[in-house]
Amino acid sequence: MKPLLDVSNLSKTYGAVRACDRISFSLYPGQILGIIGESGSGKSTLLSAIARQIPADSGKVTYHSPKNGTGEPLDIFSISESERRQLMRNEWGFVRQHARDGLRMKVTAGANIGERLMDTGHRHYGNIRTEAKRWLEQVEIPTNRMDDLPGTFSGGMQQRLQLARVLVTQPRLVLMDEPTGGLDVSVQARLLDLMRQLVRSLNLSVILVTHDIGVIRLLAHRLLVMNCGEVVEQGLTDQVLDDPHHSYTQSLISATLVP
Amino acid sequence: MTAKLPNTTTPDAAISVEPGFNFAYLDEQTKRSIRRSLLKAVAIPGHQIPFSSREMPMSYGWGTGGIQVTASVIGADDTLKVIDQGADDTTNAVNIRRFFKKVCGIKTTEETTEATVIQTRHRVPETPLREGQTMVYQVPIPEPLRWIEPSEIETRKMHSLSEYGAMHVKLYEDITRFGHIATAYDYPVMVNDRYMMRPSPIPRFDNPKLNMSPALQLFGAGREKRLYAVPPYTTVKSLDFEDHPFSVEQWDKPCEFCGSTESYLDEVVTDNEGGRLWICSDTDYCNRRQAQMKPVGEK
Amino acid sequence: MSDQTYLLERLPVFSPSHKPLPDEALLCARDLYKGFTLHNQGGIHFPVLEGVSLIVKPGDCVALEGASGSGKSTFMRSLYANYRVDSGEIWIKHRGQWKDIATAQAHELIDIRCYSLGYVSQFLRVIPRVSAVDVAAEPLMDTGVEPTVAKDKVRSLFSRLNLPERLWSISPTTFSGGEKQRVNIARAFAVNYPVLLLDEPTSALDADNRSVVVQLIKEKKQQGCALIGIFHDQSVRKQVCNQSLTFALHD
């Protein structure tokens, strides 16, 4: 099996602070990779650097696109801005921590979902609407809210709308930055369960950044533990959580309140 | 030996010009710089070109962009027509025409067929334009994506990458809210299959006139400091959906004065009981039709 | 019934042996060493496994025996790659080839756990909105079986395990220990794993259900599956196991 994404020696410094220090890993199709660490560990920076939303200082990110006809891997740091934006629209998705950053708050829910379709050339109003409805159902938002503005949605609903907006073009890789941050526990549970189902049914590959071990346990197959910009431990999720080797991982696990 | 330059500076002595002003008000360097920008605009149809908008003797919002464009291209032997909402006799149209007469001493006219340069606010003349004519449009907001993206950096990227899906989002919203595309004027268009453009607040009724027009069309936004152009015989296509195609306004009454069923009609309230008239917005067109209707010999 | 007893003496660490693997075996663990270092408690080190080996063939059922804390659970978890061994090899027949679990990559381990190595753990991870049938059918569906077929199989196992039908379509969050255990058993037994690990599979079950589990294990053995289990219940162990591996405590 060939990896979907190869990250090699990715580094990013802010002045004297090494936010990411030679991070390397491979992601295979259908895998959910969790990246866990405290605030300031560099995990969000890593995600932004992989998506080239901030420039990395060094390293390489290679994406093996299943939709790419030639089969040639893409060097994310050297493709043009136009190709990168196309990639982000078609094959990748980015779910942000705050739904407001990932949605257009001034247009209706249906338009939010339909935008990526319209970006990729869909020009039939009726079909776009049908597709948007379908996705609202998938993320368990009542379809009669389709013509409402996201500002009238609860936090959990906004997050689910963000999911729908990202998944509508059936991406292969989804990057998620603390997708359940700031939500109530029960709302989190619902969102996580939904994400779990969708990842399985759509065979998505996900890189999930969070500080919440519960989220990791539920969703991730593999886990990277980050501390001060470095990956201190990695392995299968249950491996790292049940048999932590590194001192930082051990203190992280033992600090958790809920088993 | 210097080449003979076109006569845009010193008018004929016979025509009186307001003393103390250069021909067409703007200094020659400014005119040249605007013309250079206009050349770029013509070379890239529909693409916005920044220009150094000057202080004009009227405030922003009153057509300074259009006036600067006209001032840069007008020559001593041009004939200028100025319309506002289709009429030559509104305050704005009259003022602008008088302004140019003062600073250029050129001929002005109310007849579309006689004009070589036509400056307009919010309408395109009904009379078809011909080669050699130049239309100058007054533009308030040049950026079609401004409503969805406030950042100028981002909209410039979107234009350069042809990322226009957002505009269809607006049309989608219209259909959702009103059942049809409600944009009545300043309806966004694709120019030359490449750039999205705002045709200025002309009614969508006029959009088809822009397509493959024999005239040169120039657009100036003074406050926003942008200009753009549509060269003659360029495709201009109004955006729509496959199942909601672009359509123009229609009236079920003819013009009260000239009987035309093909022109854009203004609604005029005549009394307090709700009486109303529909008459052509294009005064020149209406007048000419009325003149043709009168039997020969009558005054 | 052969009895392989290993005393946990201090043996030197070996480099990977290149002895050939027995053809008919399904799993071959060699010289496993595993210790724990608690960094946040002064860095104290506990050695637990010191040179443990095991070979299982189709139809085998090995009981792991020993006092609490002697390493049976550690050994089982190491086989499942839940714990990482410090040295040694764990060879498993996967897709017709031998693969070393101790050094396999994450995506390979996921594949091995999907098709070749099953685990009935003591704990059932419950997700509030997923029904018992769905929880139990997931591993089978992961192998590519159609959802309806998978769920039917799981339901028939539920019936055999006497799990009340009214519980099938609700989430196991409110189930008793015994009910959760039966969901766990059905989950693992639904798939035709060549090797199955059982961690105290009958600890919360009554006598009737214990005998159902015994029957299920016997059926698996007949199908050629190899089982390795920790059985608290002596009678169950006597009925199904043909080998045992005893772990002794350190002094």
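So that the names make sense, note that chain A is the first sequence line, chain B the second, and so on, each numbered from 1.
Using a 4.5 Å cut-off between heavy atoms, Leu171(B) does not touch chain A at all. If you measure heavy-atom distances from Ile128(A) to chain B, the contacts under 4.5 Å come from the side chain alone. Of the two parts of Ile175(B), the backbone and the side chain both hold a non-hydrogen atom closer than 4.5 Å to a non-hydrogen atom of chain A. With a threshold of 4.5 angstrom between heavy atoms, His244(B) approaches chain A through side-chain atoms but not through N, CA, C or O.
Between His168(B) and Phe241(B), the ring center distance clears the sub-6.0 Å criterion.
Cation-pi geometry between Arg96(A) and Phe94(A) is met: the NZ or CZ atom falls under 6.0 Å from the ring centre, inside 45° of the normal.
Interface remark: of the candidates Gly110(A), Ser82(A), Ala111(A), Gly126(A), Ala111(A) forms the most heavy-atom pairs closer than 4.5 Å to chain B. Counting heavy-atom pairs closer than 4.5 Å to chain B, the top-ranked of the candidates Arg129(A), His122(A), Met118(A), Arg104(A) is Met118(A). Taking Arg116(A), Arg89(A), Gln86(A) one by one and counting their heavy-atom pairs under 4.5 Å with chain B, the maximum is reached by Arg89(A).
Ion pairing between Asp193(A) and Arg190(A) fails under the 4.0 Å rule for side-chain N and carboxylate O.
Thr169(A) and Asn90(A) share no side-chain donor-acceptor pair at under 3.5 Å. No donor-acceptor contact under 3.5 angstrom links the side chains of Thr45(A) and Tyr14(A), judged on distance only. Side chains of Asp147(A) and Thr176(B): no donor on one and acceptor on the other come within 3.5 Å.
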